[in-house]
Every structure is written in C-alpha cells, then in structure tokens.
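Only one structure is covered here, and it is reproduced in the block below.
Fair warning: this is a prediction, and the values are worked out from it, not measured in the lab.
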Amino acid sequence: MASLLDSYEQQYSNVTAEITNKIAKIAKLSGGEKRHMVTNVEKQMEEAKELLEQMDLEVRDIPSKERQKYATRLKSYKTELGKLEKDFKKAKLHGASGSREELLGPDDPSHSEDQRTRLLDNTERLERSGRKLEAGYRMAVETEQVGADILENLHQDREKIQRSRDRLRETDSDLGKSSRILSAMMRR
C-alpha cells in the first residue's frame, strides 16, 4: 500500500513541477498561446486534485502508526496546491489588461449580439423573479393579517366562554341556594 502511495506522490511531484513551470510562462504569453497554456494548466490542476484524493483514500487504509506521517504530508501537498492555484490565478490576470481583444474577446458583431441577447434574457428573468418575490411578500403580509384576525377572534371567544362559565357558576350557586330554601320550606 505504501508503494502505491509513493507512486501517487511521485506523480503528484511531477505534475506540480510542470504546473509551476507553466505558470511562470503564462504571464509572458498572450492571445491563443496563453489560452492554450491556461487550459493545459487547468487540466493538470484537476489531475493534481485527483491524485490528492487518491492519496487521501490510501492514507485512510494505512495502519494508524504510519497514518500520521502520511496525513501530514498530504496536508502539506494540499497547502502547496492551494498556493499553486493562487499563483495560477495571478498569472492568468497578469497581462490580461493588455489588449482590448484579450479583455473583451474578438470584436465580432454576432458575439456582441449574443451578449446583448443573454443580457436581455437575464434582465427579464430578474424582473420575473422580482415580481414573484413581491407577490410572495404580499401573500406573507396578507397571511399575517389573517393570522392576527384569527388570534383576535380567538381572544374574544375565550372572553365569552369565561363570562359564560362565570354565569354558569353564579347560576349553579343560585340554584343551590334556591334548593336549600325550598327544602327548608318543605320541612316546615
């Protein structure tokens, strides 16, 4: 198992060395060469991530005595890859402020029309979403008002029931008194 992990580490080292070399070249390139190199580096980044995932799976299967050593290495590899990703982003952006074509793409009317169409579609979708949100808010406010009305009605009903209960107690008390008076009158 350790030999498989060593093999992954060797592959990872080779891939990261190539990535580092290509990142240094990206900043100096422009146009199609730069795009090709960026695409190539992105593929190698994915390959490095996959190798790290494979190493992670292998480290989990290692006996606990050796696992800590490999886990520490794996953590440092992940940190190294994170640094490479940051460097890659910087390299992609470096020199990108150059020509108008690099910034906006080719000055193609159909490309511009396509962007305009997408922008209009997105604007329409945004407006629809806004209308749905407003309708949802109105419904929430109406529901809150209905709930408040129901609570008020329940409160009034509770008061009526309490008054009725009090009257029943008074009536029961009065009937008790009447019953005693009648019983006393019947004895005489």
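- Looking only at side-chain heavy atoms (C-beta outward), Tyr137 and Leu133 stay at 4.5 Å or farther from each other.
- Within a 6.0 Å radius of NZ in Lys69, other residues, nucleotides and ligands contribute more than 12 heavy atoms.
- Taking every heavy atom of both residues into account, Ile19 and Ala48 meet most closely at CD1-CB, 4.4 Å.
- By the 4.0 Å N-to-carboxylate-O rule, Glu85 lies close enough to Lys49 to be salt-bridged with it.
- A salt bridge between Asp121 and Arg125 is absent, with no side-chain N of the basic residue lying under 4.0 Å from a carboxylate O of the acidic one.
- Put simply, the side chain of Ile161 reaches to within 4.5 Å of the side chain of Arg165, judged on heavy atoms.
- Annotation: side chain of Lys43 is in contact with side chain of Thr39 (closest heavy-atom distance under 4.5 Å).
- Taking CG from Leu51 and CD from Gln44, the interatomic distance works out to 11.0 Å, rounded to the nearest 0.5 Å.
- Taking CD of Glu170 as the reference point, atom CG of Asp174 lies at 7.0 Å (rounded to 0.5 Å).
- A donor atom on one side chain and an acceptor atom on the other are not found under 3.5 Å apart for Glu18 and Asn14.
- Within the 4.5 Å cutoff, the side chain of Tyr70 has no heavy atoms near those of the Leu74 side chain.
- Within a 6.0 Å sphere centred on CD of Gln156, other residues, nucleotides and ligands contribute more than 12 heavy atoms.
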Next on the checklist: Could you go through Glu58 and Met55, starting from their C-alpha distance and side-chain angles, then the distance that decides it, and tell me whether this counts as side-chain contact (heavy atoms from CB on, under 4.5 Å)?
Outcome noted: CA-CA 5 Å; Glu58 291 299 321; Met55 283 191 268; 5.6 Å; no
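- Checked by atom type and distance alone, the side chain of Ser13 pairs as donor or acceptor with a backbone atom of Glu9 at under 3.5 Å.
- For the pair Val41 and Met45, the minimum side-chain heavy-atom distance is below 4.5 Å.
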Next on the checklist: Run the side-chain contact (heavy atoms from CB on, under 4.5 Å) test on Arg158 and Leu154 for me, step by step, so that the C-alpha distance in whole Å, both residues' side-chain angles and the decisive distance to 0.1 Å come before the verdict.
Outcome noted: CA-CA 6 Å; Arg158 182 173 183 243; Leu154 287 173; over 6 Å; no
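- To the nearest 0.5 angstrom, Leu168 atom CG is 12.0 Å from Ser173 atom OG.
- Judged as a ring pair (Phe, Tyr, Trp, His ring centres under 6.0 Å), and not counting sequence neighbours, the contacts of Tyr77 are Tyr12.
- Taken to the nearest 0.5 Å, the OG atom of Ser129 stands 10.5 Å off from the CD atom of Glu124.
- Here NE2 of His36 is found 11.0 Å from CD1 of Ile26. Values are rounded to the nearest 0.5 Å.
- Two residues are said to be in side-chain contact when any heavy atoms from C-beta on lie closer than 4.5 Å; Phe88 and Glu42 meet this criterion.
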Checklist entry - Is there a side-chain hydrogen bond (donor to acceptor under 3.5 Å, both in side chains) between Asp149 and Gln145 once you walk through the steps? => result CA-CA 6 Å; Asp149 291 344; Gln145 183 60 44; 3.1 Å; yes
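- Two residues are said to be in side-chain contact when any heavy atoms from C-beta on lie closer than 4.5 Å; Lys78 and Lys75 fail this criterion.
- Considering CD of Gln11 and CD of Gln54, their distance stands at 9.5 Å, rounded to 0.5 Å.
- Under the 4.5 Å side-chain contact rule for hydrophobic residues, Leu57 and Leu52 do not share a cluster.
- The shortest distance between side-chain heavy atoms of Asp61 and Arg67 does not fall below 4.5 Å.
- Within 6.0 Å of atom CZ in Arg128, more than 12 heavy atoms from other residues, nucleotides or ligands are found, so the atom counts as buried in its surroundings.
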